[in-house]
Amino acid sequence: MTVLAIDSSNDVMGIALVDESKVIGEIITNVKKNHSIRVMPAIESLLKDCNISTKELSKIIVAKGPGSYTGVRIGVTIAKTLAWSLQIPLSGVSSLEVLAANGRFFPGYISPLFDARRGQIYTGLYSYKADGLQQVKQDQNVLSSDWAKSLSSLDKPILLLGNDVELHKEVMISELKDKAVFAAESLNNPRPAELAWLGMYRENEDIHQFSPNYIRLAEAEAKWLEAQKKESGAANGNNNIV
């Protein structure tokens, strides 16, 4: 089985080709550039460099969010299109789970995080057991201060992973004290090869029904829904008066 993994859910763009025994090739960049014009050329380049044709691919695996709304949409759309056109299975994996996989040898808990602005983060809690990476707390959108408080009662150290950890480091230290462990910079980029292995034997998605996991609505969508709610309330009020 040869799988193609795609992650464009954050600033880090990752493409990987993996089979059951090795990483065939990886492309990883961590730059604020438009993924919409970079992902397909990166896929084409990696396939060419690794001398693999699209006909040899067995499955597409994509990081399904959370993260940048635009970035997540780009990755999922490309993955769905490739899977449909090649008539091969598609699986989605949490972008946070992919990042957590970098903590494979850490003996405590693993908290990957992405900044979500205004003091908020996307995060979850994971740990490694004998049978692999396990989710301890579900992925969520939460204030970093609230998240740190919720972790302070745990009986093991917590590894904090991600390029945005520095933005919330002070808050984490103030609540977690010496329980907070900060990953080396080399571990803060999610690896598309880890994405590939996490999704290789995961349940296949319905390609047409599969959608990103944003965890929260985009600000524009939230404002639109709020406006619709107010309009509906005003209309109902007018009807009551009549």
Side-chain angles (χ1 to χ4, degrees), residues 1-102 104 112 114 132-133 161-163 185-214:
M1 177 184 288
T2 301
V3 303
L4 172 67
I6 303 167
D7 185 356
S8 64
S9 57
N10 288 279
D11 286 343
V12 176
M13 183 194 75
I15 312 295
L17 285 167
V18 171
D19 64 23
E20 295 98 326
S21 62
K22 64 180 180 294
V23 178
I24 303 169
E26 274 186 303
I27 293 176
I28 304 174
T29 60
N30 182 15
V31 290
K32 291 186 177 181
K33 288 188 176 181
N34 192 340
H35 291 330
S36 65
I37 60 174
R38 299 179 64 237
V39 174
M40 281 307 300
I43 292 172
E44 292 170 359
S45 176
L46 186 60
L47 287 167
K48 182 179 179 180
D49 288 348
C50 296
N51 197 30
I52 290 176
S53 73
T54 54
K55 293 180 181 179
E56 296 175 80
L57 296 177
S58 308
K59 189 174 190 178
I60 306 294
I61 302 162
V62 65
K64 63 180 181 180
S68 157
Y69 297 109
T70 302
V72 173
R73 279 196 294 268
I74 289 167
V76 169
T77 300
I78 289 174
K80 290 175 66 171
T81 302
L82 285 172
W84 180 82
S85 61
L86 296 172
Q87 294 297 291
I88 57 177
L90 167 71
S91 287
V93 177
S94 161
S95 302
L96 288 165
E97 185 179 356
V98 178
L99 181 54
N102 285 353
R104 183 181 304 276
F114 306 128
L133 187 62
L161 277 168
N163 291 301
E185 288 79 359
S186 60
L187 296 176
N188 283 330
N189 284 349
R191 286 193 60 199
E194 294 287 2
L195 167 62
W197 270 307
L198 286 168
M200 187 174 290
Y201 300 109
R202 192 154 296 187
E203 182 178 354
N204 298 332
E205 303 282 355
D206 180 316
I207 294 175
H208 299 293
Q209 297 299 318
F210 178 61
S211 61
N213 178 22
Y214 299 120

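Heads up: numbering here begins at 1 and tracks the sequence.
- At least one donor-acceptor pair closer than 3.5 Å links the side chain of Thr81 to the backbone N or O of Thr77.
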Might you work through the side chain to side chain contact (heavy atoms under 4.5 Å, CB included) test for Met40 and Glu44, ending with a clear yes or no?
CA-CA 6 Å; Met40 281 307 300; Glu44 292 170 359; 4.2 Å; yes
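- Partners of Glu97 according to the salt bridge (Lys or Arg N to Asp or Glu O under 4.0 Å) rule, which considers only residues two or more places apart in sequence or in another chain, are Arg202.
- Remark: Asn189 CG to Ile28 CD1 distance equals 6.5 Å, nearest 0.5 Å.
- For the residue pair Ser95 and Ser9, the shortest heavy atom distance occurs at OG-OG, 3.0 Å.
- Between the side chain of Glu20 and the main chain of Met1, a donor-acceptor pair closer than 3.5 Å is present.
- Ser68 contributes no side-chain N or O that, together with a main-chain N or O of Asn10, makes up a donor-acceptor pair within less than 3.5 Å.
- A heavy-atom distance below 4.5 Å is found between the side chains of Leu82 and Ile43.
- Residue pairs meeting the salt bridge (charged side-chain N to carboxylate O under 4.0 Å, His left out) criterion with at least one member in residues 84-94: none, sequence neighbours excluded.
- One finds the OG1 atom of Thr29 at 4.0 Å from the CE atom of Met13 (value rounded to the nearest 0.5 Å).
- Distance check, rounded to the nearest 0.5 Å: NZ of Lys59 to CG of Asn204 gives 4.5 Å.
- Side-chain contact between Val18 and Thr2 is absent, with no heavy-atom pair separated by less than 4.5 Å.
- Here the closest heavy-atom approach between residue Asn102 and residue Leu187 is recorded as ND2-O, 2.8 Å.
- Looking at heavy atoms from C-beta onward, Leu57 lies in side-chain contact with Leu47 at the 4.5 angstrom threshold.
- Proximity of Pro112 to Leu96: side-chain heavy atoms (C-beta onward) are separated by under 4.5 Å at one or more points.
- Considering all non-hydrogen atoms of both residues, Pro212 and Val72 come closest at CB-CG1, 3.3 Å.
- Residues Ser8 and Gly75 come closest through the heavy atom pair OG-N, 3.0 Å.
- Note that CD1 of Ile52 and CG of Leu17 are 5.0 Å apart. Values are rounded to the nearest 0.5 Å.
- Contact check for Val93 versus Ile61: side-chain heavy atoms found under the 4.5 Å cut-off.
- Atom CH2 of Trp84 and atom CD1 of Ile60 lie 14.0 Å apart (nearest 0.5 Å).
- Pairing each heavy atom of Ala193 with each of Ala16, the nearest pair is N-CB, 3.6 Å.
- In the displayed structure, Gln87 atom CD is contacted under 6.0 Å by more than 12 heavy atoms of other residues, nucleotides or ligands.
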Side chain to side chain contact (heavy atoms under 4.5 Å, CB included) assessment of Asn34 paired with Arg38:
CA-CA 7 Å; Asn34 192 340; Arg38 299 179 64 237; 5.7 Å; no
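- How far CD1 of Ile74 is from CD1 of Ile6: 12.0 Å, rounded to the nearest 0.5 Å.
- Taking all atoms of both residues into account, the shortest heavy-atom contact from His35 to Asp11 is CE1-O, 3.4 Å.
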